[in-house]
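Along the sequence shown, residues carry numbers from 1.
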Amino acid sequence: MTADQLSLTFSALADPTRRAILARLAGGEASVTELAAPFTMTLPAISKHLKVLERAKLISRGRDAQWRPCRLRAEPLQDAEEWIERYRVLWEERFDRLDDYLSEAQARGAKSPEDHHD
């Protein structure tokens, strides 16, 4: 995945309406009207969100007579997940090292009182 595609993906995911639309599409294709139903916004506003998702390649829109179904495209989400996973592993390693350090420091500080006689 290119950095530009990754930026488009994360930018599209930054909006809660677009995330809700993607969650709905994870259950199967839907029309614009069906996608707009849970929201208190106009169809043109929903269409703008869909254009952002389409530009980020997170959805595709087909044509079936008068019905234009929207479908989730998971590939960019998987690419974003793989990018995030690299950093999750890095942070887990750092937290593990911090945990080890704190355990050692606690063990040194928890010596019995007779160990501290002059």
Side-chain angles (χ1 to χ4, degrees):
M1 169 179 274
T2 66
D4 290 339
Q5 179 59 50
L6 194 58
S7 295
L8 286 171
T9 299
F10 283 123
S11 179
L13 294 174
D15 185 274
T17 300
R18 292 192 288 269
R19 290 192 305 271
I21 290 169
L22 291 176
R24 166 54 186 86
L25 291 174
E29 63 185 34
S31 69
V32 175
T33 305
E34 290 169 329
L35 292 171
F39 302 103
T40 57
M41 60 179 69
T42 64
L43 281 177
I46 290 293
S47 289
K48 286 182 182 182
H49 284 293
L50 293 174
K51 285 178 184 171
V52 171
L53 292 169
E54 198 170 21
R55 191 170 32 252
K57 298 182 176 136
L58 291 168
I59 66 167
S60 63
R61 296 208 256 184
R63 183 176 294 276
D64 185 6
Q66 296 300 316
W67 191 51
R68 295 202 54 188
C70 296
R71 293 178 188 88
L72 178 66
R73 294 184 62 205
E75 299 86 9
L77 293 173
Q78 185 169 346
D79 292 339
E81 189 273 333
E82 289 170 4
W83 184 87
I84 290 168
E85 179 65 14
R86 288 191 301 247
Y87 292 94
R88 185 191 62 78
V89 169
L90 172 74
W91 281 105
E92 281 183 356
E93 289 171 356
R94 289 180 181 182
F95 284 131
D96 288 345
R97 285 196 308 266
L98 177 61
D99 188 45
D100 291 345
Y101 172 78
L102 293 174
S103 293
E104 290 171 13
Q106 187 177 25
R108 284 192 302 270
K111 291 182 181 178
S112 64
E114 56 271 0
D115 291 342
H116 296 292
H117 288 295
D118 291 4

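We find that Glu85 and Arg88 are joined by a salt bridge, their nearest charged nitrogen and carboxylate oxygen being less than 4.0 Å apart. With respect to Arg86 and Glu82, no salt bridge is recorded, no charged nitrogen being found less than 4.0 Å from a carboxylate O.
A donor-acceptor pair under 3.5 Å is absent between the side-chain atoms of Arg18 and the main chain of Leu13, judged by distance alone. With hydrogens and angles disregarded, no donor-acceptor distance shorter than 3.5 Å links the side chain of Arg71 to the backbone of Ile59.
For Leu102, the side-chain contact (heavy atoms from CB on, under 4.5 Å) partners at least two apart in sequence or on another chain are Leu98. Here Arg97 pairs with nothing under the salt bridge (Lys or Arg N to Asp or Glu O under 4.0 Å) rule; sequence neighbours left out.
Taking all atoms of both residues into account, the shortest heavy-atom contact from Ala80 to Leu6 is CA-CD1, 3.8 Å. Heavy atoms only, all atoms of each residue included: Ala26 and Leu72 are closest at CA-CD2, 3.8 Å. Here the closest non-hydrogen pair linking Pro76 and Gln5 is CB-NE2, 4.1 Å.
Criterion: ILVMFWY side-chain heavy atoms under 4.5 Å apart, direct or through other members. Under it, Phe39 and Leu25 are part of a common hydrophobic cluster. Cluster membership check: Leu90 shares its hydrophobic cluster with Ile84, using side-chain heavy-atom separations under 4.5 Å among Ile, Leu, Val, Met, Phe, Trp and Tyr.
Screening Ile21, Leu22, Leu35 for a side chain to side chain contact (heavy atoms under 4.5 Å, CB included) with Cys70, the sole residue that qualifies is Leu35.
Here the side chains of Val32 and Leu50 are in contact, with some heavy-atom distance below 4.5 Å.
Of the inter-residue distances, the one linking Lys51 atom NZ with Arg61 atom CZ reads 7.0 Å to the nearest 0.5 angstrom. Of the inter-residue distances, the one linking Ile46 atom CD1 with Lys48 atom NZ reads 12.0 Å to the nearest 0.5 angstrom. In this structure, the separation between CD on Glu29 and CZ on Arg24 is 9.0 Å, given to the nearest 0.5 Å.
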